Amino acid sequence: SLFLNQLQKDLEEVKELLTKATRKRVRDVLMTEKHKLELEIKNQPPPKPKDVAEEEKSSLGGYTVKINNYGWDQSDKFIKIYISLNGVQKLPAENVQVYFTERSFDLLVKNLNGKNYTMTFNNLLKPISVEGSSRKIKTDTVLVMCKKKQEEKWDCLTQVEKESKEKEKAAYDTSDPSEGLMNLLKKMYAEGDDEMKRTINKAWVESREKQSKGDIPMDI
């Protein structure tokens with residue numbers, strides 16, 4: 001840093017003066033100063049190694065946009081993620097990079113219409129083969145091909161999606177279908193406004209009355 005540079009220059013000058021100083025007092029002052037400077041230089045924080053990925057991004061110029069929209073599809077062997085980017089086919093191929101790990105991928109599209117685009121997928125539902133995965137550039141689309149380690153159907157793309165689906169399913173999925181409906185009604189009731197609560201109460205009372213009379217509602 002600039003500050004460190006200054007300190008080193010001061011130290012060089014003090015050493016230079018020490019070679020010329022003959023008076024003990026002057027030498028003592030210079031010696032003290034020399035120690036102080038040496039200590040200060042030693043205690044300077046080392047320059048931080050820049051994160052390589054950050055460096056990659058900051059050297060891009062322009063600003064970076066996170067991609068959130070995508071479509072996906074699967075075959076027995078691949079998970080295919082489609083990302084729409086206008087004009088991407090005009091870029092040099094090396095401007096479209098994808099880094100794969102067994103459970104994630106990172107897409108970086110450099111300098112497309114003056115912007116860079118990134119997309120990160122972590123916690124893929126199941127492991128993928130890094131060597132077998134690749135990307136293809138089509139008209140206005142980047143296709144990321146994640147090679148499945150095992151040929152099996154994926155219900156969703158990521159672990160997070162799976163967990164939220166399971167939570168939802170657990171709320172309504174019971175062995176008794178009417179109990180699932182009850183859960184759904186309770187949820188609607190709890191989250192509903194007064195109008196909704198009245199409607200559900202009314203339906204409730206009516207269905208109870210019909211059950212107690214043994215009537216079968218005609219308006220099914």
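As the structure is a prediction and not an experimental result, all values here were calculated from the model.
Residues Leu39 and Leu7 do not share a hydrophobic cluster, defined by chaining ILVMFWY side chains whose heavy atoms lie under 4.5 Å apart. Hydrophobic cluster membership is shared by Val109 and Ile137, with clusters built from Ile, Leu, Val, Met, Phe, Trp and Tyr side chains linked at under 4.5 angstrom. Leu11 is not connected to Val29 by any chain of hydrophobic side-chain contacts under 4.5 Å among Ile, Leu, Val, Met, Phe, Trp and Tyr, and they are in different clusters. When hydrophobic clusters are built by joining Ile, Leu, Val, Met, Phe, Trp and Tyr residues whose side-chain heavy atoms come closer than 4.5 Å, directly or via intermediates, Val130 is not grouped with Leu143. In the hydrophobic clustering of this structure, Met119 does not group with Met145; members are Ile, Leu, Val, Met, Phe, Trp, Tyr whose side-chain heavy atoms approach within less than 4.5 Å, directly or through other members.
The line from CZ of Arg27 to CG of Leu18 is 5.5 Å long, rounded to the nearest 0.5 Å. Between atom CD of residue Gln6 and atom CG of residue Asp10 there is a gap of 6.5 Å, rounded to the nearest 0.5 Å. In this structure, the separation between CG on Leu125 and CZ on Arg103 is 7.0 Å, given to the nearest 0.5 Å. Atom NZ in Lys36 sits 8.0 Å away from atom OG1 in Thr32 (nearest 0.5 Å). From Gln74, atom CD reaches atom CD of Glu151 across 12.0 Å, with rounding to the nearest 0.5 Å. Summarising the geometry, atom CD belonging to Gln150 is positioned 7.5 Å from atom NZ belonging to Lys126; distances are rounded to the nearest 0.5 Å.
For Asp28 and Lys24, the salt-bridge test passes: some basic side-chain N is under 4.0 Å from an acidic carboxylate O. Between Lys167 and Glu163 there is no salt bridge, since no side-chain N of the basic residue sits under 4.0 Å from a carboxylate O of the acidic one. We find that Lys9 and Glu12 are not joined by a salt bridge, their nearest charged nitrogen and carboxylate oxygen being 4.0 Å or further apart. Ionic pairing of Glu166 and Lys162 is present here: one or more N-O contacts between side-chain nitrogen and carboxylate oxygen are shorter than 4.0 angstrom. Salt-bridge annotation for Glu131 and Lys147: absent, with no side-chain N of the basic residue lying under 4.0 Å from a carboxylate O of the acidic one.
Side-chain contact between Thr118 and Ile67: absent, with no pair of heavy atoms (C-beta onward) separated by less than 4.5 Å. Using a 4.5 Å heavy-atom threshold, the side chains of Thr101 and Asp106 count as separate. For the pair Glu94 and Lys110, the minimum side-chain heavy-atom distance is 4.5 Å or more.
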Gln8 and Leu4: CA distance, side-chain angles, deciding distance, side-chain contact (heavy atoms from CB on, under 4.5 Å) verdict: CA-CA 6 Å; Gln8 282 163 338; Leu4 187 61; 4.2 Å; yes

Stepwise side-chain contact (heavy atoms from CB on, under 4.5 Å) test for His35 and Met31: CA-CA 6 Å; His35 287 311; Met31 281 306 279; 4.3 Å; yes

Verdict with reasoning, Asn116 to Val65, per side-chain contact (heavy atoms from CB on, under 4.5 Å): CA-CA 6 Å; Asn116 311 299; Val65 183; over 6 Å; no

Asn43 and Glu40: CA distance, side-chain angles, deciding distance, side-chain contact (heavy atoms from CB on, under 4.5 Å) verdict: CA-CA 5 Å; Asn43 291 334; Glu40 224 178 317; over 6 Å; no

Derivation of the salt bridge (charged side-chain N to carboxylate O under 4.0 Å, His left out) call for Lys20 and Glu16: CA-CA 7 Å; Lys20 294 176 181 166; Glu16 179 71 22; 3.5 Å; yes

Return a table of donor-acceptor pairs under 3.5 angstrom between the side chains of residues 152-160 and protein atoms on other chains or two or more places apart.
unit_1: Thr158; atom_1: OG1; unit_2: Glu161; atom_2: N; d: 3.3
unit_1: Thr158; atom_1: OG1; unit_2: Glu161; atom_2: OE2; d: 3.4

With a cut-off of 3.5 Å and sequence neighbours excluded, list every side-chain donor-acceptor pair involving residues 76-91.
unit_1: Gln89; atom_1: OE1; unit_2: Asp140; atom_2: N; d: 2.8

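With Phe121 as the partner, the ring pair (Phe, Tyr, Trp, His ring centres under 6.0 Å) test is satisfied by one option alone out of Tyr70, Tyr99, Trp72: Tyr70.
The local environment of NZ in Lys136 is sparse, with at most 12 non-hydrogen atoms from other residues, nucleotides or ligands closer than 6.0 Å. Remark: Asn69 CG is loosely packed, at most 12 non-hydrogen atoms of other residues, nucleotides or ligands lying under 6.0 Å away.
Classified by interplanar angle (parallel below 30°, tilted 30° to 60°, perpendicular above 60°), the ring pair Phe105/Phe100 is tilted.
In this structure, the side chain of Thr19 does not engage the main chain of Leu17 through any donor-acceptor pair within 3.5 Å.
When all heavy atoms of Ser133 and Cys146 are compared, the pair lying nearest together is OG-CA, 3.5 Å. Scanning all heavy atoms of the two residues, the minimum distance from Leu124 to Ser104 falls at CD1-N, 3.8 Å.
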